[in-house]
Amino acid sequence: MPVRHKNVLAGFGVVCVLGVAGISVALAAANHEVLEADKKFSAKTLEISVGDTVTFVNNDSIKHNITIKKMKFNSGLQEPGRDVEVMFDKNGKFKVRCGIHPKMKLKVVVN
Amino acid sequence: MGIVGKVAAAAAIVVCGSVFSLALAGSDDQSDAHADKAQLHKLIADYQRPASIPFPEDNPYSDAKSELGKMLFFDPRLSVSNLISCATCHNPSFAWEDAQPLGSGDKMGQLGRHTPTILNLAWSEVFFWDGRADSLEEQALGPIAAAAEMAQPLDELVDELNAIEGYKTAFEAAFPGEGISEDNIAMAIATFERTVVSNLSAFDRWVRGDGQAISASAQRGFVVFNKKARCANCHSGWNFTDDSFHDIGLASDDPGRSEVLGGDILKHAFKTPGLRNIVERAPYMHDGSLQTLSEVVDHYDNGFVERDSLSEEMQQLGLTGDEKTDLIAFLKTLSSNDDPIDLPVLPN
Ligand SMILES: [Cu+2]
């Protein structure tokens, strides 16, 4: 997992927000970026297509974790500045939680 | 904001002003007093009670569901022995706990952890001391089937309930056309549990502006709780929990949250319990190892085990005797005088 610089991450945030707001044409396997800051994900729900990947970027100053119970996925500790990439290869609704701060959650709807 | 809103806001500020006069008495520096006052207002704003109970979209509230859930919660026939109900361990007479260090289940076998309260769980994110269940619905079937607790095979339970006419009617009212199923048992119990909310306490009346509602000692204790003792770093908000996991250095070797997450994260870390009605909930902690609030405060002051997994929030506090007394006086104001609960009449 690459460690990226904070300023670069801030740039990604803009791209990410536009990307989520403006989903229109689903091309082959897209990547979606979700930021983690202030113990929150940058989105509450995210609609994606089967085969898409989501990159969770820890833009916070504290450690987080990505747990998706239904997929038996657990990232382990996610240090500040680190990314966790997850591929969603089945459709359905998935609850993504930080296993350390359970209030930090996001619903991913895979179509 | 309309004129009415403005007037109301102004009134609220005036009322709050009087609340803190006591906490500030003794400060002779005017600007310090102002800063203190502003800070206290900010602190107190975090403790407002929510206006209503949140129910999830996929299991909305209905009277029929909640009444059914209450019947199931108090019905010992949910256990294989027909002797243990949820309320045997989550006893409303002990603030929905059992007043024992560790719970006792089927055949009086001792459980590995202390029975937590079910008060105010509508606001909780994850359940059990280690947070292994994601919802109250998911949690509810756990203890029924668990060999150490009620040891009741769930398919047999559905048959047993189907043989009781009164339950058939109650399930029909709660889940029209669906009949009795494991999912519906769980949804009814979860709905009832969400209605179990601690009532207004003296502390709430103080937050709402009644300056006399709690003693001067308790008011000082509130400041100690938020500042010097750092309690609010974890026990935050109106229900006094951050819904997170921490190792607070109890001597127990229970792996806690780390077992759920796998690996070495959050070793010995447990869910921060809310502190409402805490006096009635002794003994304390996941292992039931602390008997009194005084022991709890001494633990946080300097009685914890130092180890790698210990939360960074845990530091030697150096509390004085008076500060400890004030802190406990404050914790006592979190108790509500809830009306005794009406026990349901169970169908036979
Ligand atoms: Cu987190």
Side-chain angles (χ1 to χ4, degrees), chain A residues 1 3 34 36-47 54 56-86 88 90-111, chain B residues 46 50 54 56-59 120-139 142 233-248 255-274 308-313:
Chain A
M1 273 184 254
V3 179
V34 172
E36 300 160 47
D38 297 330
K39 294 196 201 169
K40 283 189 197 80
F41 289 118
S42 53
K44 282 207 169 107
T45 49
L46 185 63
E47 278 202 46
V54 177
F56 297 94
V57 182
N58 187 352
N59 209 359
D60 223 330
S61 52
I62 53 171
K63 294 167 195 163
H64 292 297
N65 157 273
I66 301 293
T67 298
I68 311 170
K69 228 178 153 178
K70 226 164 127 182
M71 289 169 56
K72 295 203 163 52
F73 179 85
N74 176 8
S75 68
L77 262 193
Q78 184 191 16
E79 302 278 345
R82 286 202 168 240
D83 298 354
V84 171
E85 201 176 282
V86 185
F88 289 81
K90 288 201 181 69
N91 63 0
K93 287 182 193 163
F94 299 86
K95 204 190 262 173
V96 178
R97 255 196 222 276
C98 169
I100 303 169
H101 312 105
K103 277 188 190 158
M104 184 170 156
K105 60 182 174 185
L106 157 72
K107 189 166 80 184
V108 178
V109 182
V110 186
N111 299 309
Chain B
D46 292 340
E57 254 168 57
D58 49 10
N59 189 15
N120 305 331
L121 290 185
W123 289 268
S124 239
E125 287 291 341
V126 291
F127 303 90
F128 289 119
W129 283 105
D130 55 13
R132 65 188 181 277
D134 238 10
S135 67
L136 280 173
E137 285 78 4
E138 181 186 334
Q139 196 281 333
N233 290 12
C234 302
H235 296 282
S236 53
W238 78 277
N239 193 29
F240 297 89
T241 173
D242 59 358
D243 258 306
S244 272
F245 303 90
H246 311 272
D247 173 6
I248 62 161
R257 183 68 174 160
S258 68
E259 200 164 50
V260 177
L261 290 178
D264 266 356
I265 334 174
L266 296 180
K267 261 191 160 160
H268 310 300
F270 294 85
K271 186 172 87 164
T272 310
D308 287 350
S309 55
L310 186 72
S311 162
E312 286 160 18
E313 300 287 352

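Hydrogens, waters and symmetry mates play no part in the numbers below; they use all other heavy atoms, side chains included.
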Inset, instruction - With sequence neighbours excluded, tell me which residues meet ring pair (Phe, Tyr, Trp, His ring centres under 6.0 Å) with B/Phe128. - result: none

Legend entry - A/Pro102 to B/Phe245 - nearest heavy-atom pair and separation: CG-CE1, 3.5 Å

What donor-acceptor contacts under 3.5 Å connect chain B and chain A, backbone and side chains included?
residue  : atom : partner  : partner atom : Å
B/Glu125 : O    : A/Arg97  : NH2          : 3.1
B/Glu125 : OE1  : A/Arg97  : NH1          : 2.8
B/Glu125 : OE1  : A/Lys105 : NZ           : 3.0
B/Glu125 : OE2  : A/Lys105 : NZ           : 3.3
B/Arg132 : O    : A/Lys69  : NZ           : 2.5
B/Asp134 : OD1  : A/Arg97  : NE           : 3.0
B/Asp134 : OD1  : A/Arg97  : NH2          : 3.4
B/Glu138 : OE2  : A/Lys69  : NZ           : 2.7
B/Ser244 : OG   : A/Ile100 : O            : 3.2
B/Arg257 : NE   : A/Gly99  : O            : 3.1
B/Arg257 : NH2  : A/Gly99  : O            : 3.2
B/Leu261 : O    : A/Asn74  : ND2          : 2.0

Legend entry - Inter-residue atom distance A/Leu77.CG - B/Leu261.CG, 0.5 Å rounding: 9.0 Å

